[in-house]
Amino acid sequence: MKLLLTSLITLSLTGVLCAESDSTHLAGRANKTPGPPGYTTVANNDHAIERAVKRAHRHLGFFIAALKAKRPGDASFEVKKGFVQGNNVEHLWIGSLTFDGKNFHGRINNKPHDISNVRLGQPVTVNPREISDWMFVKNGKLIGGYTTRILYARLTPAERAEFNKEADFKIE
């Protein structure tokens with residue numbers, strides 16, 4: 001199963017003082033190293049990303065129920081959390097996910113680009129209030145992944161074709 005890449009969003013969404021912009025990777029790309037072609041910048045005043053994060057929080061109960069049930073056809077359960085180092089915030093996907101009723105536990109599923117205080121594969125614990133997105137794949141289709149959907153819509157047709165070829169899910 002392909003691993004998901006880093007997504008960064010605004011510091012203001014996590015309650016930390018903001019830089020002018022942050023960087024991001026698209027989820028679903030096979031390439032685990034940072035940088036082009038999946039790496040981009042997201043402005044702190046990106047209202048579509050802010051709405052996506054709020055939507056992820058509103059529907060978090062659905063995600064937790066699906067994670068606990070893990071029905072046939074469900075796979076790739078992940079949450080995204082912002083990690084801070086100095087003035088940089090990098091929102092990374094966390095996979096190999098469990099939920100103990102209070103916190104998510106998993107491993108960082110991206111190679112960080114802008115921070116060095118966490119690493120790919122590092123075990124982490126995430127309070128549900130800290131997530132910036134969640135996703136899972138149900139029968140080959142993306143469920144959740146609200147920030148990924150925003151970034152996907154912004155891709156050029158050629159970038160979208162490459163993403164579709166590399167992703168282990170479809171965005172509908």
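Any value given below was found using the heavy atoms of this structure, including those in side chains, with hydrogens, waters and symmetry copies removed.
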Subject >> Flag side-chain contact, heavy atom, 4.5 Å: Asp168 against Ser76 >> reply: yes
Original post:
Using the ring of each side chain (for Trp, its six-membered ring), is Trp134 parallel, tilted or perpendicular to Phe62, with breaks at 30° and 60°?
Top reply: tilted
**OP:** Test His105 against every option in Ile94, Val124, Thr125, Val126 by the side-chain contact (heavy atoms from CB on, under 4.5 Å) rule and name the one that passes.
**Re:** Thr125
**OP:** Measure the spacing between CZ of Arg71 and CZ of Phe136 and express it to the nearest 0.5 Å.
**Re:** 9.0 Å
Original post:
Should Met135 and Phe169 count as side-chain neighbours, where that means a heavy-atom distance under 4.5 Å?
Top reply: yes
Original post:
Are side-chain heavy atoms of Glu50 and His47 found at a separation under 4.5 Å?
Top reply: yes
Original post:
Is Phe63 close to Leu97 at the side-chain level, that is, under 4.5 Å between some pair of heavy atoms?
Top reply: yes
Original post:
Distance from Ser132 atom OG to Trp93 atom CH2, nearest 0.5 Å?
Top reply: 7.0 Å
Original post:
If we only count heavy atoms from C-beta on, is the Lys81 to Ile131 side-chain gap below 4.5 Å?
Top reply: no
Original post:
Under 3.5 Å, is there a donor-acceptor pair between the side chain of Asp133 and the main chain of Thr147?
Top reply: yes
Subject >> Arg149 side-chain N/O to Ala52 backbone N/O, donor-acceptor pair under 3.5 Å >> reply: no
**OP:** Could you give me the CA-CA distance, side-chain angles and deciding distance for Phe104 and Ile64, then say whether side chain to side chain contact (heavy atoms under 4.5 Å, CB included) is met?
**Re:** CA-CA 9 Å; Phe104 294 103; Ile64 291 170; 3.8 Å; yes
Original post:
Can you name the nearest heavy-atom pair linking Thr98 to Leu67, along with the distance?
Top reply: C-CD2, 4.2 Å
**OP:** State the NZ-CG distance between Lys170 and Asn139, to the nearest 0.5 angstrom.
**Re:** 13.0 Å
Subject >> For Leu155 against Arg160, the heavy-atom pair lying closest together >> reply: O-NH2, 3.3 Å
Original post:
If you measure from CD on Glu78 to CG on Asn110, what distance do you get to the nearest 0.5 Å?
Top reply: 7.5 Å
Original post:
Under 4.5 Å between any side-chain heavy atoms of Tyr152 and Asn164, yes or no?
Top reply: yes
Subject >> Contact summary for Pro128 and Asn103, nearest pair of heavy atoms >> reply: CD-OD1, 4.0 Å
Subject >> From Asp46 atom CG to Arg51 atom CZ, the distance as rounded to the nearest 0.5 Å >> reply: 8.5 Å
Original post:
Closest approach of Ala66 and Asp74, non-hydrogen atoms and distance?
Top reply: O-OD2, 4.5 Å
Subject >> Minimum heavy-atom distance between Asp100 and Lys102, given as atom pair plus value >> reply: OD1-N, 2.8 Å
Original post:
Is the backbone of Gly144 close enough, under 3.5 Å, to the side chain of Arg55 for a donor and an acceptor to pair up by distance?
Top reply: no
Original post:
Would you say Arg129 has more than 12 foreign heavy atoms packed within less than 6.0 Å of its CZ?
Top reply: no
Original post:
Which distance, rounded to the nearest 0.5 Å, do you find between the CD of Gln85 and the CD of Glu90?
Top reply: 9.5 Å
Original post:
Does the Asn117 side chain pair with the main chain of Val84, one donor and one acceptor, at a distance under 3.5 Å?
Top reply: yes
